[in-house]
Asker: 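Below is the structure I would like to discuss, written out as structure tokens.
Counting starts at 1 for both ligands and their atoms, in listed order.
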Amino acid sequence: MTRPRHIAVVPHTHWDREWYDPFQVFRLKLVATIDGLLDQMEQDRSYTHFLLDGQLAVLDDYLEIRPENEARLRALTSAGRITIGPWYILMDEFLVSGETIIRNLQAGIGRGGDFGGVMEVGYLPDMFGHVAQMPQILSLAGFEHAVVWRGVPSAVHRSAFRWFAPDGSSVRAEYLVAGYGNGAALPDDAKALVRRLRSLDEEFDPFLRADDPLLLMNGTDHQRPQVWLGRVISEANQIQSDFELAISSLPAYLDHASEIDLPSWHGELRSGARANLLMGVGSNRIDVKQAAARAERSLERLAEPLSALFVPADAWPAPFLELAWLFMIRNSAHDSICACSVDEVVDAVLHRYAEARQIGEALTDGALAALATSMAIPGPVVVNPSSRPRSGTVEVVVTAAGEPGPDVQVLSERFGLPGSITLEGEAVRNMLGLIQGARIENDAYITDVSLAEDETGLDITVVIGTEPREGVPVEEIKRELYTRLTARPDTQVRLSLDQPPVRRILARQEQVPGFGWARFSPSPLLHPATLDGDADRALTLGNGLVTVTIDPVDGTFSLNGKSGYGRLVDSGDYGDTYNYSPPAVDTIIDSPESVSIAAGDRGPVRATATITSSFRWPDHVDEHTKARVGSHLVVVETTLEVRADESVVRVGTRFDNPSRDHRVRVHLPLSEPSSTSSAECAFAIVQRGLSAEGGPEEFGTPTFPSRRFVSSGGLSVVHEGLLEYELVDLTSGDVRGDGVGGDQTEAKAAALALTLLRATGMLSRLGMSTRPLTAGPMKPLEGPQLIGPIEVSYAVGVGPIDPYQMADDVLVPLVTTASFGGGTRPDRGSSLTVRGAEVSAVRRHEGQLEVRVFNPRSTATSVEMPGRSGRLFDLRGQPIAAFDGQFDLHAHGIATARLDEG
Ligand SMILES: [Zn+2]
């Protein structure tokens, strides 16, 4: 070691906005903390810097209560004494979408601009691991540095490394070897401080080169500034010469940080080697993960693109979307989306997701209505919210003229009402009382109404259609009628009803262009869906592309002849919200006590069957014996669905969860054994093996997160918020080849387990079999037990499948609306064509269309946008290059394009 060792002390606080206390409780402490910080920094010039946790949310949360202190705060941030941002919130990276990560960063940078700009460091202190593309996201926002803690593997043995994204872009990552609190609670006595430094120096020496400075993070969770810091540092510098201390900021420290001989790391950081990764948060509170998936989809895949493409530019609903995104970003906080929080916090998270989704759904309805109004010809219209041209199953209501035809499936039929009736006296008032608004029942709405009067009586004409129409004067006509009846109480009222017979049908819509629309037009079914067999022996769903046969004995199903899909495995979980942990004495229930199967739809567009299985699940894990005790009879209902011309099987499973302390997974066999899985994460598909690196404090649990899909061994699974999977049923990895040589075969998995539910009763627990120490307060919680109704959905496919396409087909299907005509829009068209890359976002930015794409492949691509020109921008809104019709995108690259209008 070179003496003196430079010690950079960075005072900070780590502010979990909500966690073991609700937001408002923590905020009270936040306000006191920042009140004290402002006083301290204004009065004590030796307290030169403070890091406000890398997230702007704390600043807004403070100013909501103390708006009068904005100028004081701005003076300190503008002077660089308080460093802020770059994030709006310190999110979890695996459990939210890539868009949420980018919007979070942009929100932080944008808000930071009001306070003199954000810290130029990708500060990621407490995230439960890091996604592979984070170095690219940071680079695209102009950052050269990241600061990380959890997830760094044992292979990294320096306090810094060069961290590469799949596209080859990289940042220098400062590794907080012992976390963001290695210098928390420094003593106020200089001699004691020097003793502390000697021990820290010894601890960190293996990770430092001789002349590397030591970074001392002086703060921890919700910690207030230590007011004696400036004084004790100055005194410590005077009494010894081994260490030279200075209060610093992260940017100032990193300006001089070593770049020499840094080890490299490529891809995601998910190791538990030296810090808890908290490997079970993806399956904790699946209700929260489902709500997140639905809200993300509602905003990213429907509301934004449909509003951008079908609503006039000057009607872009920016304030609604900003509010919805604020909810999404707040919820992405690591303790919020991970739901390792008290129940009141999770209630708030669910409420924010509901509001974000509601905004998304309302905006989607508005965009579809705008499209419908603009159509030239009346009738059902099918809209494709994805970039891929595609067909798909739609449900529409059509007038029932003639026979339905061989390619549609009739769900319900209603015949027309008698043409005219004559009413008098009370009967009129009774009828009027029954009409409330324009809706009569499902598929029946008053779409026009008129009133005429002559000396013989009153004539009301009511037109009934299949879709609601805006502005129908039902209530006005009712009032008018009452007025006239009061004047002529004995007059005759003649009612004419104009209602054609209608059918609600399922059909396979002909191909709709990407980001386009087409009038409803059923296509001939090349592979009609069928349901064969009888419920007592076996039922088979199929369409010539896929065959599903249900086993009436064990309730599983076979897929193209391979059996064992859908096996439910219930086992104990004596873990906590952070980690799965099997109880000492586990009981595994993997076969039902009874099974019944029932036929549903019989095709030709959709065939369904329902499996009802009864299991006997234990009640809970006994505190003393650590065994599963008690028993409940639980009825699990699983519906399988095969659609015409699709090779995917959709699965929906429902049950009323009666049991505590357990995990329920569904096992799905791989087509061929495999030792790897490919899972979607932010802007990439990442490869993983059969094991996870653990350490002395958290043992490696090879459960991994996937965002919307995971593939392995020829099996692809798309799910709605069921983020956790594991490759299971391993064959031995140590089989000798010919008995002579030393050939070793790699271990392989035969199935993928998808977690449907993980129910536990403690925020954190001590002495677990997978994690001996606590990860948070040991609070008992009721919420994570998820007692009550559980409803999950996923889809499986085998063979060569583009998982992005499968995810779009299952999660973002074609949507329908109904037009009354009268506009100018043609029967069919596209508002935007994007080829050659996946589309992550379509929205408006200051009036311009903005499209974000990424290339999930390991070869370069040409992103084609025929007829469109514009510029590529980085994530700070700085122009990179102009393009016309197409631009090149390197392997695994992310690009943001803004399009010229007109
Ligand atoms: Zn935290």
Asker: Quick one: which of Val10, Val171, Leu176 gives a side-chain contact (heavy atoms from CB on, under 4.5 Å) with Val147?
Answerer: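 Going through the options one by one, the only one that passes is Leu176.
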Asker: Angle between ring planes, Phe26 versus Tyr20, binned at 30° and 60°: parallel, tilted or perpendicular?
Answerer: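 Rings of Phe26 and Tyr20: perpendicular, over 60°.
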Asker: Got a salt bridge between Arg103 and Glu296, using NZ or NE/NH1/NH2 to carboxylate O under 4.0 Å?
Answerer: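 Result for this pair is no, no salt bridge flagged.
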Asker: Is it true that Glu64 and Arg27 make a salt bridge, defined as a side-chain N closer than 4.0 Å to a carboxylate O?
Answerer: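 Arg27 and Glu64: salt-bridged.
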Asker: Is the closest basic N to carboxylate O distance between Arg72 and Asp39 below 4.0 Å?
Answerer: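 Judged by the 4.0 Å cut-off on N to carboxylate O distance, Arg72 and Asp39 do form a salt bridge.
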Asker: Check the orientation of His130 and Trp163. Use parallel for under 30°, tilted for 30 to 60°, and perpendicular for over 60°.
Answerer: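 The rings of His130 and Trp163 stand perpendicular, inter-plane angle above 60°.
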Asker: Number of protein N/O/S atoms less than 2.8 Å from the Zn ion (ligand 1)?
Answerer: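 Under the 2.8 Å cut-off, the count stands at 4.
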